[in-house]
Amino acid sequence: MVTTLVPESEALLLEKARAEGITTGRERWLAMSPQCGFGELGTCCRMCYMGPCRIDPFGDGPQTGICGASPDTIVARNLLRECVGGAASHVGHARHVLLTLRDALEGKAPYEIRDEGKLFALAARLGLETDGRPAKEVARELVDLALEDFGRQNGKLHNWMRARAPAKELAMWEELGLAFSNPHNEIETAMHRTSMGNDADPASLLMATLRMGLVDGYAGLTLATDLQDVLFGTPQVRRVEANMGVLEENSVNLAVHGHNPVLSEKVLEWAVKLEDEAKAAGAERINVVGVCCTGNELTMRHGVPMAAHNLQSELILLTGAVDAMVVDVQCIWPQAASLAGCYDTAFITTDEMVRIPGATHIEFEPRHADERAQAIVRAAIEAFKKRKGKPVHIPNVKSVGLAGLSVETIVEILSKVNPDDPLKPVIDNIVSGKIFGAAGFAGCPSLKFRDTAMTERMVKALLRENVLVVTTGCTAHICAQAGFLTSAATEEYCGEGLKAVLTAVGEAAGLGAPLPPVWHMGSCVDNSRIVDLLAALAAKLDVKIGQLPVAGSAPELVQEKAISIGSWLLALGLMVHVAPAPRILGSPVVTQVLTHDLEEITGGRAYVEYNPEKAAAGIVAHIAKKREALGI
Ligand code: BF8
Ligand code: SF4
């Protein structure tokens, strides 16, 4: 019997849904169970219409597809296609931000450069002349270098990867044939490679998967984060509130959901500017709240409350208090639009490629950003007028915490301890063992693991062992809601060594309290910040990232995007814990390579474990092994 830990706030909303005859993901998941075993093992092939073919895992039925494809081939092809889905999402996101910056520089879109320091730092890394030059001129050249990456056909190395990848790893990737030139070519080739009658070699397909991870890492995550910082500012530490209790009965509650700050920044800007209209409609104010990753973007840059993670995107609508939910791309459940229809909530889609039945569509392109953002905010005010005075069910639960820990901010905090060499205290404390190691927690909340609090229990188990945790994405929401982003959490959960370090740094930084033990580093594209931090530490020690006493975890895998991010981390040489198992277990070769043999090639290794305490112990054992190899 599993102890379920559905928070009371969620239980009440689920109860309300049942009473109103509304289904949520939970019921739909139960109705879907047991889920298809062939799908879970990865051995269902639909690449052609002689199929679908599936492999009998018990050895009695067919052992190859009709064309003779082996389970290894089928699994490796499917995995690469998942990776393409993830990488395409992030590359598409990054390209959108890039085109917005280009349009802004040409005076065609109402955005400006908010962080010249970041612009100049990036430009220098890309080899551009910066001395005494105007920001706009430098930005134009930066944009040209990024645009060149999308059009190049001469096979030369990707500009952004060349400038942003750590040197030792880049040399390794070039030697292994993992470096890439043009992300769109890679995506096309991967789809071509995996279509019927092409690549059947699991080894070659797995190399293409790792290369796709690098496409995601440099043409997706890193490019998106870099340019978002230029356009919207590099995050600073701020105190934020989290959970559904951040909704306000008497305010216009405007939830932004999705990923792209090009939309949410403008919505926030106009929510402030149109506050008087909301007041005239009888509201106290306009309360912009964040759902999922675009929530994290606004949290990191403006302290906007983190209202809900992905799994709560339905629940928050059940409160009846959300006046508008405005969405852009990725992770938007179609059901949310229907659910919004049960209340006075305006559900607004904005991206040309994300149309959802039941939603109101207000197309948002950067060139008309001001006009469209005003229309969105006004739609929320109109919805509030209809909702005003009706009962709402806002759970009385919220937590507080610190967010906004970009690499720049972390270095700034640490420079209070050692102004000349900010990273030295971290390294000294790792060497002394006070900080045993670090783990990056990224990704989503899954129905399969939420009730047993997989993420929270893993984090607690690691902190006890003096493993510092950094987090992004919806996992950051989970951590915020659990109270992990607070000084109190340091006192409550950390082992003695980690507690002492965080207390000393917190004092030196003038917080008057320990630094939190879990650092909120942003959205899913901001996993690039985690890699940047690791790269800085590795460079200082003159080792590869894979030699550091660290590991990554996607403790509640949901999205293809986690597969592509995970592939980047594997290429970087990191151990990546994941649950549930990726759809590879039907292939002995793919399973063996990803969980063992890869360690000999890049240093990376996938680690599957469903039990939170055992998973944490596995990470601790890995960190111990890395420490030993470093002789510390
Ligand atoms: O990119 S954590 S549910 S919102 S996929 Fe989606 Fe997962 Fe949330 Fe962000 Ni990341
Ligand atoms: Fe079956 Fe081969 Fe077609 Fe896949 S490509 S569906 S294994 S015949």
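Remember, it's 1-based here, ligands and their atoms both numbered in the order they're listed. Basis for what follows: all heavy atoms, side chains included, without hydrogens, waters or symmetry-related copies.
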Closer than 4.0 angstrom, basic N to acidic O: yes or no for Arg26 and Asp451?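 Result for this pair is yes, salt bridge flagged.
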
Quick one: which of Gln312, His309, Glu456 gives a side chain to side chain donor-acceptor pair (under 3.5 Å) with Arg450?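 Testing each of Gln312, His309, Glu456 against Arg450, the sole residue satisfying side chain to side chain donor-acceptor pair (under 3.5 Å) is Glu456.
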
So, at under 2.8 Å, which protein N, O or S atoms would a careful student list around atom 4 (Fe) of ligand 2?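 Protein N/O/S atoms under 2.8 Å of atom 4 (Fe) of ligand 2: Cys45 SG.
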
Taking the six-membered ring of Tyr111, is the NZ or CZ of Lys266 close enough (under 6.0 Å from the centre) and on axis enough (within 45°)?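 Yes.
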
Given the ring of Phe232, does Arg301 sit roughly above its face, with NZ or CZ under 6.0 Å from the centre of the six-membered ring and within 45° of the axis?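 Arg301 over Phe232 ring: no.
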
Taking the six-membered ring where the residue is Trp, are the ring centres of Tyr610 and Phe449 under 6.0 Å apart?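 Yes, they do, as the ring centres are separated by less than 6.0 Å.
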
Starting from the N and O atoms of ligand 1, find every protein N or O within less than 3.5 Å and list the pair with its distance.
{"residue": "ligand 1", "atom": "1 (O)", "partner": "His259", "partner atom": "NE2", "Å": "2.6"}
{"residue": "ligand 1", "atom": "1 (O)", "partner": "Lys561", "partner atom": "NZ", "Å": "3.1"}

Does His93 have any ring-ring contact (aromatic ring centres under 6.0 Å, His included) partners at least two apart in sequence or in another chain, and if so, which?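 ring-ring contact (aromatic ring centres under 6.0 Å, His included) check on His93 returns nothing, list empty.
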
With respect to Arg77, which candidate in Asn198, Thr209, Leu205, Asp199 satisfies the side chain to side chain contact (heavy atoms under 4.5 Å, CB included) definition?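 The passing option is Leu205.
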
Take atom CZ in Arg28; do more than 12 heavy atoms of anything else shown fall under 6.0 Å from it?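 Atom CZ in Arg28 is packed in, count exceeds 12.
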
May I ask whether Arg54 places a heavy atom under 4.0 Å from ligand 2?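 No, that is not the case, since the closest heavy atom of the residue is not under 4.0 Å from the ligand.
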
Could you list all the side chain to side chain donor-acceptor pair (under 3.5 Å) pairs where at least one residue sits in residues 57-67, not counting sequence neighbours?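 As it turns out, there is no side chain to side chain donor-acceptor pair (under 3.5 Å) pair with a partner in residues 57-67 once direct neighbours are skipped.
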
